[in-house]
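Data first, discussion second: the structure below is written as structure tokens.
Starting from 1, each residue takes its place in the sequence as its number.
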Amino acid sequence: MRNLLVNFILPALILYIAFYLIILSCLPYRYLIGGVILIFTVSSYYFLFRKIKTILDRILLNLKGLPLSGNISTIGILELDESIKEINDYINRFKEENKLYSRLFQSTQEGVIVVNKNKEVLRMNPTALRLLNIDSSQSLEGRQLIEVIWNYTLDEMTGKVIETGDVFSREISFDHLNNRILDVTVSPLFNEKGEIRGAIIVFADITEKKKLEKIRQDFISNVSHELKTPLTSIKAMVEVLLEGGADDSKLRKDFLENINQEVDRLSRLVNDLLLLSRLESDKAFLNPVPTDFVSLVTRTVSRFQPRAMKEGLTLTLDIKGEIPPIKVDVNYIDQVISNLIDNAIKYTPSGGKIDVLVEDLGKEVKVSVKDTGIGISKEDLPRVFERFYRGDKSRNLSLGGVGLGLSIVRHIVEAHGGKVGVESSLGKGSTFYFILPKG
């Protein structure tokens, strides 16, 4: 205001007073002099206003081009240029912060959805698109949330957040995504006045975590049962012996034999747990050496022949192709074959048949153990090699075990660079196999 007074209003006032005094004076040529002053004043302010208009036009032109250029050009007036510099600095800071927030939004490992007050989608990050199996080429902006997520629980939760302003969190299962479980938190989104303008939904996939929790719970339950059963039996027999049963020689012998069997059962369980722990923690546990693979399989099968005959089963071995020596850890591969044959004998009724087949696949060797036993249900089939898993429907639980044998098989074979598999139908038998590379 002070600059305006000094540079524009005060000179105009002086010129006006000078013009008035000259006109009223008695000076010769006073009208000519007054006219010159008047013309000079009008001309000066005409050109001044023209310059001001030019400056304003340039400012407007800069503002119109701002979204493209991102900066306002200097005008040529010191004070305006300083203000423009401050505006440009603010614009550049805003652009950098916007880029930072955009990168964070795009790269965060959690899914993020932003909706307005009407539950219309404003933005979704790539993680959200991936977790919800949404095609990134689809246009989602402005669509209702329920149309995008296909989950009424999350839609209702978002509505409550927008209505109340509270934060809600819960685990939600998405049936149309193969029962994928997401840990969801919905928070209100406020404007500068503190009014709710929408909600932000943040979620993470915890399906695998829940699966591991289920495996752990199954393990605790199975191991507790397997430990409790023999311990209860041992305790009962010891109490009988202590209460006078030891005087009966036949009873004493029978009980001691049973106690010995239960102790062996506990010992096998502990050994399996220790072995599995070692297989999972020690990646260099193998001691592979060139081995006559056919002889290894033949010895293992022969060791089970007496037991198979005792159970009324036929156990055969078939070798297809010329199997060269393979570099394997003899003890561990023997355990793999033993576990598969042992399972086949356990779950095959008397009169059944067990076939062990060794095949040359070129660069690999395949060993299959096929039985005519009770088989495995379709629901249990994908999980039979999991740690501590035991299918209730497909396996006779009275035969014991906590589901560690097949997990041990998988770890050993994979440590050799191979793979395991199973084919089975409930009531029609099973074929377990493993494949090892020759090299």
Straight-line distance of [X] [atom1] to [Y] [atom2], nearest 0.5 Å:
X	Y	atom1	atom2	result
Leu317	Ile337	CG	CD1	9.5 Å
Thr185	Ile200	OG1	CD1	10.5 Å
Glu414	Phe434	CD	CZ	13.0 Å
Ile206	Leu212	CD1	CG	11.5 Å
Asp205	Phe174	CG	CZ	10.0 Å
Asn151	Leu145	CG	CG	9.0 Å

Step-by-step side-chain contact (heavy atoms from CB on, under 4.5 Å) determination, Ile376 to Phe432 | CA-CA 11 Å; Ile376 305 170; Phe432 284 87; 3.6 Å; yes

Apply the side-chain hydrogen bond (donor to acceptor under 3.5 Å, both in side chains) test between Asp355 and each candidate in Thr316, Thr372, Thr314; give the one that qualifies.
-> Thr316

Please examine the side chains of [Y] and [X], heavy atoms only from C-beta on, and report whether any two atoms are closer than 4.5 Å.
X	Y	result
Leu357	Val367	no
Val301	Ile341	yes
Asp292	Ile323	no
Ile201	Leu154	yes
Lys363	Pro437	no
Leu315	Val356	yes

Quick one: does [X]'s side chain have a donor or acceptor within less than 3.5 Å of a partner on [Y]'s backbone?
X	Y	value
Ser424	Gly429	yes
Asn178	Arg180	no
Thr127	Thr108	yes
Glu120	Glu141	no
Asn191	Glu195	yes
Arg410	Phe385	yes
Ser233	Thr229	no
Asp371	Ser430	yes

Check [X] against [Y] and note the closest heavy-atom contact, atom names and distance.
X	Y	result
Val112	Asn125	N-OD1, 2.9 Å
Gly405	Asn339	O-ND2, 3.5 Å
Asp166	Pro188	O-CD, 3.7 Å
Leu361	Lys366	CD1-CB, 3.6 Å
Leu296	Thr300	O-OG1, 2.9 Å
Gly373	Pro349	CA-CD, 3.9 Å

Quick one: do Lys119 and Asp155 satisfy salt bridge (charged side-chain N to carboxylate O under 4.0 Å, His left out)? Show the steps, please.
-> CA-CA 8 Å; Lys119 292 193 293 184; Asp155 184 69; 3.1 Å; yes

Determine which pairs satisfy side-chain hydrogen bond (donor to acceptor under 3.5 Å, both in side chains) with at least one residue from residues 321-330, sequence neighbours left out, and list them in order.
->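 Listed once each, the pairs would be none.
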
Check the pair Val365 / Val358 against side-chain contact (heavy atoms from CB on, under 4.5 Å), numbers first and verdict last.
-> CA-CA 7 Å; Val365 174; Val358 182; 3.9 Å; yes

By ring-ring contact (aromatic ring centres under 6.0 Å, His included) - contacts of Tyr433 (at least two apart) | none

Tell me, yes or no, whether the heavy-atom count around [X] atom [atom1], taken from other residues, nucleotides or ligands under 6.0 Å, exceeds 12.
X	atom1	answer
Lys419	NZ	no
Gln109	CD	no
Arg252	CZ	yes
Lys438	NZ	yes
Glu239	CD	yes

List the steps and the verdict of salt bridge (charged side-chain N to carboxylate O under 4.0 Å, His left out) for Arg307 and Glu311.
-> CA-CA 6 Å; Arg307 180 180 165 192; Glu311 299 290 338; 5.1 Å; no

Steps toward side-chain contact (heavy atoms from CB on, under 4.5 Å) verdict (Val148, Ile134) = CA-CA 8 Å; Val148 175; Ile134 298 174; 3.5 Å; yes

Apply salt bridge (charged side-chain N to carboxylate O under 4.0 Å, His left out) to Lys210 and Glu171, showing your working.
-> CA-CA 11 Å; Lys210 287 294 181 181; Glu171 296 171 0; 3.1 Å; yes

Taking only residues two or more places apart in sequence, or in another chain, which ones meet Leu266 in a side-chain contact (heavy atoms from CB on, under 4.5 Å)?
-> Leu227, Pro230, Leu231, Ile234

Kindly write out the residues that satisfy side-chain contact (heavy atoms from CB on, under 4.5 Å) with Ser224, not counting sequence neighbours, or none if the list is empty.
-> Ile220

Show your working on side-chain hydrogen bond (donor to acceptor under 3.5 Å, both in side chains) between Asp380 and Ser377 and close with a plain yes or no.
-> CA-CA 5 Å; Asp380 292 320; Ser377 69; 2.9 Å; yes

Run the salt bridge (charged side-chain N to carboxylate O under 4.0 Å, His left out) check on Lys160 and Glu163 step by step: do they pass?
-> CA-CA 5 Å; Lys160 289 181 180 178; Glu163 181 182 350; over 6 Å; no

Which pairs count as ring pair (Phe, Tyr, Trp, His ring centres under 6.0 Å) when at least one residue sits in residues 116-143, sequence neighbours excluded?
-> none

Here the ring pair (Phe, Tyr, Trp, His ring centres under 6.0 Å) pairs for residues 300-343, sequence neighbours left out, are Phe285-Tyr332

Give the ring-plane orientation class for His176 versus Trp150, where under 30° counts as parallel, over 60° as perpendicular and anything between as tilted.
-> tilted

Does the pair Ser338 and Arg303 meet the rule for a side-chain hydrogen bond (donor to acceptor under 3.5 Å, both in side chains), with working shown?
-> CA-CA 9 Å; Ser338 297; Arg303 195 168 65 245; 2.8 Å; yes

Begin from the C-alpha positions of Ser249 and Lys253 and carry the test side-chain contact (heavy atoms from CB on, under 4.5 Å) through to its verdict.
-> CA-CA 6 Å; Ser249 60; Lys253 181 180 178 181; over 6 Å; no

